[in-house]
Each structure stands twice: as structure tokens, then as C-alpha cells.
Amino acid sequence: MDLQLTGRRALVTGASRGIGRAIAKSLAAEGARVAICARGQEGVDLALAELRALGVEAYGESIDMRDNAALEGFVSRVATQFGGLDLVVSNVSTRPEAPQGEARWRQAFEADLLHHVRLTDLTVPFLLKGQQPSLVFLASIAANMKQLMPEEVAYGAFKAALVNYAGHLSERYGRKGLRVNTVSPSPIYFKGGAWDVFERENPKMFEAVKAMTPLGRFGTPQEVANAVAFLLSPVASYITGVNLRIDGGMLKTTNF
Ligand SMILES: NC(=O)c1ccc[n+]([C@@H]2O[C@H](COP(=O)([O-])OP(=O)(O)OC[C@H]3O[C@@H](n4cnc5c(N)ncnc54)[C@H](OP(=O)(O)O)[C@@H]3O)[C@@H](O)[C@H]2O)c1
């Protein structure tokens, strides 16, 4: 299916590895122009080379999403470079460093909610002038689950808030032509990702989590990217306000 993304101007945050990188690559493979960011310059450079090898224009910067001024500058330079924006994927999540308590909650708030709001505020003015614009947030099925691991409580709570926020945006901007959706993956496995570490450090738990999925395996970044590319595309023109689970059936509730 042609996703009709040729020439579209896309921005994907956190695209130097994992899910974000697979999304950026999928959009480039569909002919979109893609801007990316991450903190590590080396990862940005490698991802940019991969995107350009697909024959599209690609732009990237090393920034920390939690740095307001840096984010503002990045969005402004991307919009100048591309002459506007049509598609935005707000993907970044940063693991808090504080082990517990209020400090961890504050860091998780910055890492899993506030930068999504800032990115929205900065990019919506461009999206509203864009061509069939679409905005997708990366949440998680952790939003729906009662967290068993204490260090995941704030992550789940803020991902739930993100889904709620995206619903609000879909209502607010629908009549202006902007669609807003969320995707919620279950554990997604890739080398260098969190579950790769988990597999080595806690193999028993790793296998137990895998066994919870009816499909009997972890998802891949590409499987998430496929759904995000679809939601971003005009092919999904009547879909807004949705939180799409990409979880191999892991959540044990009917999804309606
Ligand atoms: N992987 C899973 O199992 C899973 C499951 C459910 C939901 N999700 C969600 O899917 C999204 C992507 O997950 P992932 O596993 O692919 O993430 P990841 O491996 O942690 O990669 C995150 C990307 O964002 C960048 N990044 C992290 N913090 C940043 C910051 N403060 N500023 C700028 N860039 C930053 C990273 O590069 P640098 O480190 O160089 O900055 C990297 O490119 C996240 O929102 C996550 O919560 C993931």
C-alpha cells in the first residue's frame, strides 16, 4: 500500500536507536523528508547516514529534549530547513536517574510528559499550516497496567497522562485538520534496548514477560514503526484520538 508520504516533512524525536530509529527509517522509505534528534551525536550521525542512503533529505541534531531552549532552537531550524512540518512523532523517554521518591517523580514528569507538551506547543503552529498533518505520541501499555516494579510506577502514571493529553489534542485540533493519536507498545526487543539489558540481567523475568504475550515473543521496533507510519499517513485520514495498542495481545482486557 502506498502511504502517500512522498515529500512529507517529518520530525521524529529520539531516533538514534530502537523504535524512533525504525519510525524515521520507515518514513524515509516512504519518501518523507525526516528530521531527527537524540542526545548522542554519534547515534544521530549513524541514523542520518541510514536515512540519506534511502535517497531522502534528512536533518539531525544532538539535543536534550529536557532543555527547553535547545528544543525550541531545534524545532525552529527543522521548520526552516524543510519550509514547514507535516508529521511529528514524539517518541523520547528518558530513564530517571533518581532511584526513588519525589526526585524520581519530578524527573519522570520531565522525561515522560512535559517534553511532549513542549514539543506539541512548538510544532502545532507549523502542523496547522502543513499538508494533511498528523501527530503521534509513544505511550506504553504500562499506562494501563498496575505496576509491579516500584521503579516503573511514575513511568506508567505519566504514560497514562500522555494518552489522556493526546485525546484532548485530537478534540482541540480535529476541525483544524490535525489528527492526533497515540501508540502503546508492550515490551519491544532490540539490541542495545532496555529489554536486551533485562535479558542478560534477569533472564527468568525476561522469559516470564515473554510468556505473557499470546504471540509468544517480544515485539520489534519495526512492528511499532509500521503502525506509526500508518497513523501518520493520509491512509489513516479518519483516525484520530485513538490509543493503538501494539502489544501482541499482552494486555488481558478487551480493547474497545
Ligand atoms: N522498548 C520498549 O519495550 C517500549 C515499550 C513500550 C513503550 N516504549 C516507548 O517507546 C519509546 C521509544 O522506546 P525505545 O525503547 O526505542 O527507547 P530508547 O532505546 O530509550 O531510545 C530512546 C531514543 O531517545 C533518545 N533520547 C533519550 N532521552 C533523550 C533526551 N532527553 N533528549 C533527546 N533524546 C533522548 C535516545 O538517544 P540518546 O540516549 O543518545 O539521547 C534514543 O535515540 C519511548 O517513549 C518508550 O517509553 C518502549
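In this chain, residues are counted from 1 in sequence order. Note that the structure is a prediction, hence the values are computed from the model and not measured. For ligands, and for the atoms within them, numbers begin at 1 and follow the listed sequence.
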When you compare the side chain of Arg77 with that of Glu61, does any pair of heavy atoms fall below 4.5 Å? yes
Hey, is Arg8 close enough to Glu30 for a salt bridge, meaning N to O under 4.0 Å? no
Is the shortest heavy-atom distance from the side chain of Val78 to the side chain of Gln81 under 4.5 Å? no
Taking NZ, NE, NH1 and NH2 as the nitrogens, is one of them in Arg106 or Glu110 under 4.0 Å from a carboxylate oxygen of the other? no
Contact residues of ligand 1 with a heavy-atom cut-off of under 4.0 Å? Gly14, Ala15, Ser16, Arg17, Gly18, Ile19, Ala38, Arg39, Gly40, Ile63, Asp64, Met65, Arg66, Asn91, Val92, Ser93, Thr94, Leu138, Ala139, Ser140, Tyr155, Lys159, Pro185, Ser186, Pro187, Ile188, Phe190, Trp195
Ignoring hydrogens, what is the shortest heavy-atom contact between Ser134 and Leu127? Give both atom names and the distance. O-CD2, 4.4 Å
Please work out whether the ring planes of Phe137 and His116 are parallel, tilted or perpendicular, with thresholds of 30° and 60°. perpendicular
